[in-house]
Amino acid sequence: MQEQIKNVNSLEELQSLYTSVFGKNGSMTLRLKEMSKMEPSARAELNKENAALREAFKIRQTELETAALNQKLKTEFVDVTLDIAPKNCGTIHPLTQTLLQIGTILESLGFEMWTGPEVEDDWHNFTALNTPSYHPARDMQDSFFLDNGNVLRTQTSAIQIRAMETHGVPIKMFGVGRTYRKEMDATHSPMFGQIEGLYVDKIDAHITMSDLVATIRTMLERFFEKKLEMRIRPSYFPFTEPSIEIDIKWGDKWLEIMGAGMVHPNVLRNCGVNPDEYQGFAFGFGWDRLAMLKFGLNDIRQFYDGDVRWLKNSGF
Ligand code: DAH
């Protein structure tokens with residue numbers, strides 16, 4: 001019997017062998033029933049045999065259970081080093097990436113982010129910015145006017161007016177948002193993104209054109225992650241005096257990147273700021289243009305097509 005128990009190879013088999021020995025009509029059960037009729041020595045012998053058999057079953061059961069567990073551990077092993085199936089992940093749109101990067105740089109220079117309404121009134125978009133009623137920017141050709149005289153913001157410069165009106169001075173802010181103009185070709189979209197910087201403080205804080213240029217150089221060089229050749233040209237904007245335009249050398253070409261200047265005294269006055277006590281600089285640019293340069297694109301419209309295949313193939 002002992003041999004038979006040792007040779008059993010599954011728990012099920014062991015169970016049925018056990019039943020055949022110790023079950024209701026099992027061989028040992030029947031023999032135990034006869035025990036009272038036995039000689040004491042035969043009785044002791046049977047008791048011994050009974051205990052030995054039970055022990056043998058127990059040992060074999062433990063062996064088979066351990067073997068089953070080991071087998072399970074082997075086959076149900078999880079290989080944590082195995083690659084998971086590739087997932088279809090979204091990415092951050094290149095324009096958003098650009099905005100986040102420039103925003104982070106400006107914040108590190110102490111500028112605080114502002115936004116403003118995309119539908120603006122005449123005061124914030126033009127008049128407060130010292131743009132006289134005969135200025136060409138007011139022309140129906142360039143701007144999207146609404147029936148009530150409001151306009152789809154043509155420049156984020158409107159945000160600097162709102163910031164000075166509500167926050168007051170001194171102020172160091174940048175405005176971000178969508179702007180709208182009636183133009184459309186490979187490098188112009190009727191809707192585009194602009195960033196506007198403004199830094200105004202007491203006259204004895206000595207904010208000058210050189211601070212302006214240094215701020216812009218720092219911002220651009222950190223964004224493009226390389227040293228840049230920059231060119232400054234005199235220009236005209238109604239809201240700055242003097243006004244400049246800034247170009248950067250890209251390959252062998254000069255590219256116009258942004259407008260800037262010292263905030264015009266009339267603009268300060270329009271925001272309730274005394275230009276004899278305060279002065280500062282402002283700058284504004286389209287961040288789509290910077291994104292195109294950084295990502296090597298030549299058609300601005302691709303940014304707004306919402307074509308997922310293009311986004312994927314461009315490696316964004
Ligand atoms: N608002 C100008 C534009 O849309 C850009 C600009 C030029 C903004 C000079 C400024 C500035 O703040 O000082 O073309």
Side-chain angles (χ1 to χ4, degrees), residues 102 106 109 111-116 118 120 122-132 135-139 141-144 151-165 169 171-183 187-201 207-217 219-220 230-248 255-271 273 275 278-290 300:
I102 295 176
L106 286 173
L109 297 175
F111 291 82
E112 185 184 76
M113 190 175 110
W114 282 65
T115 54
E118 288 179 36
E120 265 300 5
D122 180 278
W123 171 256
H124 291 97
N125 198 75
F126 296 120
T127 306
L129 284 160
N130 198 34
T131 308
H135 195 280
R138 293 188 178 230
D139 196 312
Q141 298 297 307
D142 295 320
S143 313
F144 293 104
V151 63
L152 287 183
R153 178 172 66 192
T154 61
Q155 50 190 356
T156 45
S157 305
I159 304 177
Q160 59 166 274
I161 300 298
R162 288 184 176 274
M164 276 195 282
E165 280 177 345
V169 286
I171 189 167
K172 199 171 184 185
M173 55 76 67
F174 67 104
V176 299
R178 289 176 173 164
T179 44
Y180 300 85
R181 285 181 207 171
K182 283 189 187 169
E183 47 192 13
T187 54
H188 295 90
S189 155
M191 179 194 79
F192 54 104
Q194 270 198 341
I195 293 181
E196 182 84 13
L198 176 76
Y199 181 21
V200 175
D201 205 338
I207 302 174
T208 63
M209 287 287 274
S210 55
D211 297 312
L212 167 62
V213 173
T215 300
I216 289 169
R217 176 181 286 284
M219 178 183 75
L220 292 176
M230 248 168 71
R231 184 172 75 176
I232 291 158
R233 286 179 290 108
S235 184
Y236 170 78
F237 297 101
F239 31 88
T240 40
E241 181 58 37
S243 300
I244 57 171
E245 267 172 314
I246 293 175
D247 304 339
I248 58 172
L255 298 179
E256 182 196 320
I257 291 292
M258 69 175 78
M262 300 303 289
V263 182
H264 196 291
N266 286 348
V267 174
L268 294 175
R269 247 179 241 118
N270 288 337
C271 298
V273 177
Y278 287 89
Q279 70 181 22
F281 64 70
F283 59 90
F285 59 94
W287 86 71
D288 319 55
R289 182 79 59 90
L290 295 195
I300 194 173

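Quick caveat: nothing in here was measured; it's all calculated off a predicted structure. Counting starts at 1 for both ligands and their atoms, in listed order.
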Using heavy atoms and a strict 4.0 Å limit, residues surrounding ligand 1 turn out to be Gln155, Ser157, Gln160, Arg181, Gln194, Glu196, Phe237, Phe239, Thr240, Gly259, Ala260, Gly261, Ala282, Phe283, Gly284
Mind checking the CD-OG spacing from Glu120 to Ser157? Nearest 0.5 Å is all I need. 11.0 Å
Determine whether the side chains of Asn125 and Thr154 contain a donor N or O and an acceptor N or O closer than 3.5 Å. yes
Counting only N and O atoms by type, is there a donor-acceptor contact under 3.5 Å from the side chain of Arg162 to the main-chain atoms of Trp114? no
Which of these, Ile244, Leu212, Ile257, Leu198, sits in a side-chain contact (heavy atoms from CB on, under 4.5 Å) with Phe283? Leu212
Suppose we screen for side-chain hydrogen bond (donor to acceptor under 3.5 Å, both in side chains). Which residues come up paired with Glu118, at least two apart in sequence or across chains? Tyr180
Name of the residue among Tyr199, Phe239, Phe237 meeting ring pair (Phe, Tyr, Trp, His ring centres under 6.0 Å) with Phe281: Tyr199
